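None of these values were measured; they are calculated from a predicted model.
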Amino acid sequence: MASERMADGHDTDRAEPRIPDPRAPEPRLADPRPLDAIDRDILQILHTDGRASIRSVAERVHVSRANAYARINRLIDDGVIRGFGARINHERAGQGASAYITLKIVQNTWRTVREHLRALPGASHIALVSGDFDVLLLVHTPDNRALRELVLTRLQSIPEVLSTRTLLVFEEDDVEPEH
């Protein structure tokens with residue numbers, strides 16, 4: 001469905017009333033309010049198409065535009081929706097080498113290490129995990145030479161990183177939400 005457009009060409013009813021900064025540290029949030037079926041339907045729609053207009057979302061979940069807008073803002077304010085973004089084909093975008101890198105780090109240094117990792121070029125996902133290693137990092141680089149440089153020079157120079165292991169990605173596919 002077509003969304004309304006203002007004279008300057010901007011959509012007046014896009015589903016991103018406020019866009020959180022994904023690089024900002026996550027604030028301490030109160031316990032989230034329970035989600036009802038309409039909230040879950042809105043999340044499913046926006047997960048499938050983050051560019052869906054407020055009008056389209058409202059029509060699909062059978063509520064008014066004002067109600068859909070208020071619900072989306074509440075989901076953002078509650079930290080349920082952390083942002084809106086594009087799904088990128090990294091290879092076509094010039095980032096042909098991808099790898100998961102596991103890191104063992106000095107105990108109690110997660111926050112410091114996370115800040116170093118956020119600053120890395122090509123870092124796509126960072127997770128503190130349990131098991132044989134402490135951190136799982138997904139990176140996308142232009143080629144294996146850049147990946148090697150990132151691991152051997154950038155990662156291993158972080159004082160809190162004790163060891164790394166690199167797992168090359170040969171092929172990847174995003175899991176698309178069910179419609």
Side chains of N67 and R71 only: does a donor on one sit below 3.5 Å from an acceptor on the other?
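Distance-only check passes for N67 and R71.
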Less than 3.5 Å apart, any donor N or O on the side chain of T164 or Q156 sitting next to an acceptor on the other?
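Result is yes, a qualifying pair exists.
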To check you understand the geometry: which heavy-atom pair defines the closest contact between D39 and D36, and what is its length?
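Looking at all heavy atoms of both residues, the shortest contact is N-OD1, 2.8 Å.
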State, to 0.1 Å, how close E172 and S98 come at their nearest heavy-atom pair, and which atoms those are.
OE2-OG, 3.3 Å
Does a side-chain heavy-atom distance below 4.5 Å link [X] with [Y]?
{"X": "R114", "Y": "R118", "value": "yes"}
{"X": "P121", "Y": "L150", "value": "yes"}
{"X": "V63", "Y": "V57", "value": "no"}
{"X": "N144", "Y": "L168", "value": "yes"}
{"X": "V151", "Y": "V139", "value": "no"}
{"X": "L162", "Y": "I105", "value": "no"}
{"X": "V129", "Y": "V135", "value": "no"}
{"X": "L136", "Y": "Y100", "value": "yes"}

Is the side chain of [X] donor-acceptor paired with the backbone N or O of [Y] at a distance under 3.5 Å, no angle test?
{"X": "R65", "Y": "A58", "result": "no"}
{"X": "S56", "Y": "A52", "result": "no"}
{"X": "N89", "Y": "E91", "result": "yes"}

Could you tell me whether D132 and K104 make a salt bridge, using a distance below 4.0 angstrom between a side-chain N and a carboxylate O?
no
Straight-line distance of [X] [atom1] to [Y] [atom2], nearest 0.5 Å:
{"X": "E115", "Y": "E160", "atom1": "CD", "atom2": "CD", "result": "11.5 Å"}
{"X": "I81", "Y": "L75", "atom1": "CD1", "atom2": "CG", "result": "4.5 Å"}
{"X": "R154", "Y": "E149", "atom1": "CZ", "atom2": "CD", "result": "8.5 Å"}
{"X": "R111", "Y": "T109", "atom1": "CZ", "atom2": "OG1", "result": "11.0 Å"}
{"X": "F133", "Y": "L103", "atom1": "CZ", "atom2": "CG", "result": "9.5 Å"}
{"X": "L137", "Y": "T166", "atom1": "CG", "atom2": "OG1", "result": "9.0 Å"}

Side chain to side chain contact (heavy atoms under 4.5 Å, CB included) evaluation trace for W110 with D134:
CA-CA 9 Å; W110 161 242; D134 304 305; over 6 Å; no
[X] with [Y], same ILVMFWY side-chain cluster at under 4.5 Å:
{"X": "I126", "Y": "L138", "answer": "no"}
{"X": "L128", "Y": "L155", "answer": "yes"}
{"X": "V161", "Y": "V106", "answer": "no"}
{"X": "L147", "Y": "L120", "answer": "yes"}
{"X": "I101", "Y": "V169", "answer": "no"}

Is there a side chain to side chain contact (heavy atoms under 4.5 Å, CB included) between E59 and R55 once you walk through the steps?
CA-CA 6 Å; E59 287 174 357; R55 175 187 288 168; 3.5 Å; yes
Is there a salt bridge (charged side-chain N to carboxylate O under 4.0 Å, His left out) between D41 and R60 once you walk through the steps?
CA-CA 9 Å; D41 288 346; R60 291 169 64 186; over 6 Å; no
Could you walk me through whether V61 and I45 pass side chain to side chain contact (heavy atoms under 4.5 Å, CB included), step by step?
CA-CA 9 Å; V61 300; I45 291 166; 3.7 Å; yes
